[in-house]
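Just below is one structure, and these are the notes that go with it.
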Amino acid sequence: MSRIDDLKSYQQLYQKSLKESEKYWKMVASDFDWFKKWEKVSSGDFHNLEIKWFEGGKTNMSMNCLDRHIKDPELANKNAVIFVPNDPSEQKKEFTYKQLYEQVCRFSNVLKNNGIKKGDVVCFYMGMTPELLIGILACTRVGAIHSVVFGGFSAKALSGRINDCQAKMIITHDGGLRGQKVVPLKDITDEAVKECPSVSKVLVSKRAHNQIQFNSKLDVWLEEEMQKADTKCDPEIMDSEAPLFILYTSGSTGKPKGLLHTTAGYMVNVAHTFDNVFQMEKDDIYWCTADIGWITGHSYLTYGPLLNGATTVMFEGVPTWPDAGRFWQIVDEIKVTHFYTAPTAIRALEAAGVEHVRKHKLDSLKVLGTVGEPINEEAWEWYNEEVGKKRCPIVDTWWQTETGAIMISPLAHITPLTPSCATHPLPGISPILVDQEGKEIEESVAEGNLCITRPWPSMARTIYGDHERYRQTYFSTYPGLYFTGDGAKRFQNGHYRITGRVDDVINVSGHRIGTAEVEDALDEHPKVYESAVVGYPHDIKGQGIYAYLICHKEIFDNKDKSETIEKLKKELDEIVIKMIGPIAKADKIQIVSELPKTRSGKIMRRILRKIAAQETDQLGDTSTLLNPEIVEELIQGRSD
Ligand code: PRX
């Protein structure tokens, strides 16, 4: 791989990646196996939105993750995946590249034997076991498009996603193991499938051995199919721009968006960023704690490490079971060198007490990483001192489901670090800051809305089935620019600090939640007439969910009684769990008589955010409101 190895070469290569973009990406892409080389490195722009990379090329993702490596006998016998089960007493499982190749081939044949063809969509709703990773690689091998739905989503959220992409097959577990809990994945799938006419097969993998209903018309046991299947399967020849996967994410409006990523650009960019950001050596062991249900689990648990021939750890459980030392015990046990997690996990483990981390040596660690939300300085310092023992660089990686790959990040051991700073852009990425009017802020020290000026290889190409929504969401606020939805500060040295979302998206424990989705769920309650949801600072989760509710008189009149609030909160939680999943439950609710509205009838969320954040001294001008008198009521009734 063409790796950057010092600050000077970063500066040179970064410049080259912008000034001689074609040459740069040609060099990077030459490290991969192609059935046919591309004819044109890139085309399209942020006006026509017909973005293509490596057009005319033919390749295959699983071939580049597996077949390419097993040609080398040493790599063939190197561990590709180390699976750490939920229960510490259960044996870990290791897969060499050769063994992973065989499993992926088998799984590919299972897909084919069960009717999956190139271009079909396969939905995964599973716990974090190797079958999930093997399954998505198998999809890429046969040219099917995977759509992984996080195992914490509800039946309704699952069926909505399946119907949106018309998946033909669902692959699930009987139950998922998370700490002491069994998540009834198959039961939830059964409920979802009733609403999904496109699904003709459900593959079920045995994991928790919980009771399930087996519907012989639809269901097939995965393990039985795997046993019957052959260990050879040629990779399909895929166009560079062939769809690779769909991943749903929340936005500020409407239903979740299915971001579509395509094959070659994603592959090249994800591999290149993994290599540069983490700077791994041959025998290092890399552990990303994300679930494959999120983009981090796609790009930097699965594809990034495997494309680089690295050893990737896959953990099924939770950080706090059997105790809050679980992560650190695993690090010591399998000698993890590179550890990548979310700030919310760091804060939760910090809050659990330092004794859990000090019990473990952690001397194998070389590099630490964070992703998913801004990391506050205190958590950064704790991570640096208690986990990294001040010897490990922390790579604070900023990116998004839409970007496919890391965009702004330090390079481990190379970039000088500042706490809570994502630092500099990676090759090919040109960030700028703009003001509210979309004018570029030229000063080096500045704060503004973060935009990207030109296409990069791993960017999502569209919202599945709705290209116009893709244009509207990302390219209409500031025409000609990709708007990230984030705010950022820039410092004298050109480094960036991401300050968080500037739109109506809340980042709860590193998970993106659209306020509109939560409001839709809350409004389902027969006694809730209108709701407005905002984020507020939360010690562990980063942001919590605060809901202002206009309710039936009976509730309003009793709003100061704790049993009224508790009962309502419980009922609302149940609705949210059913409609979205437990991650979207409101942390705080406040019953109000009105919401602050502008003269044109729009809710003034800025005021609601300030009140929820207890920043009432910064409310700004409220005189333009239609109902300025409501502000005092909201402040007095704030839920603490
Ligand atoms: O607000 C930013 C935040 O997470 C959002 C993207 O969320 P998602 O698509 O779910 O992807 C998360 C994993 C890549 C961004 O718009 N975010 C992500 N990384 C960082 C971050 N905020 C601050 N610092 C980061 N390193």
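Note that ligands are numbered from 1 as they come in the structure, with each ligand's atoms numbered from 1 the same way.
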Please state whether Gly372 comes within less than 4.0 angstrom of ligand 1, counting heavy atoms only. yes

Test your reading of the model: is there a side-chain donor-acceptor pair from Thr289 to the backbone of Thr341, 3.5 Å cut-off? no

Asp396 neighbourhood, listing ligand 1 atoms whose heavy-atom distance to it stays under 4.0 Å: 24 (N), 25 (C), 26 (N)

What atoms in ligand 1 come closer than 4.0 Å to a heavy atom of Val371? 13 (C), 14 (C)

Could you tell me how the ring of Tyr300 sits relative to the ring of Trp399: parallel (under 30°), tilted (30 to 60°) or perpendicular (over 60°)? perpendicular

Would you mind listing which atoms of ligand 1 come within a distance below 4.0 Å of any non-hydrogen atom of Trp399? 6 (C), 14 (C), 15 (C), 18 (C), 19 (N)

Would you kindly say whether Thr129 and His173 are connected by a side-chain donor-acceptor distance under 3.5 Å? yes

Under 4.0 Å from ligand 1, counting heavy atoms only, is it the side chain of Thr397, its backbone, both or neither? backbone

So His424 and Tyr10, ring-ring contact (aromatic ring centres under 6.0 Å, His included) or not? Walk me through it. CA-CA 10 Å; His424 52 50; Tyr10 160 75; 3.9 Å; yes

Could you go through Trp25 and Phe54, starting from their C-alpha distance and side-chain angles, then the distance that decides it, and tell me whether this counts as ring-ring contact (aromatic ring centres under 6.0 Å, His included)? CA-CA 9 Å; Trp25 288 110; Phe54 308 110; 7.3 Å; no

Under-4.0 Å heavy-atom contact with ligand 1, by part of Glu373 that carries it: backbone

Please classify the Asp486 to ligand 1 contact at 4.0 Å (heavy-atom distances, strictly less than): side chain, backbone, both or neither. side chain

Any N or O of Thr249 closer than 3.5 Å to N or O of ligand 1: no

What protein heavy atom is closest to atom 13 (C) of ligand 1, reported as residue, atom name and distance in Å? Thr296 OG1, 3.4 Å

I'd like to know whether the aromatic ring centres of His298 and His146 sit less than 6.0 Å apart in this structure. yes

Which residue holds the protein heavy atom closest to atom 9 (O) of ligand 1, what is that atom called, and what is the gap in Å? Thr401 OG1, 2.5 Å

Measure from the side-chain N and O atoms of Trp328 to the backbone N and O of Leu362, and report whether any donor-acceptor pair falls under 3.5 Å. no

Going by the order shown, which atoms of ligand 1 are within less than 4.0 Å of some heavy atom of Asn507? 3 (C), 4 (O)

Quick one about Asp396 and Trp380 (side-chain donor to acceptor, distance below 3.5 Å, no hydrogens or angles considered), yes or no? no

N or O pair under 3.5 Å between Thr484 and ligand 1: no

If you scan protein heavy atoms around atom 10 (O) of ligand 1, the nearest is Arg512 CD, 3.3 Å

Pro256 and Glu517 have their tightest heavy-atom pair at CG-OE2, 3.7 Å

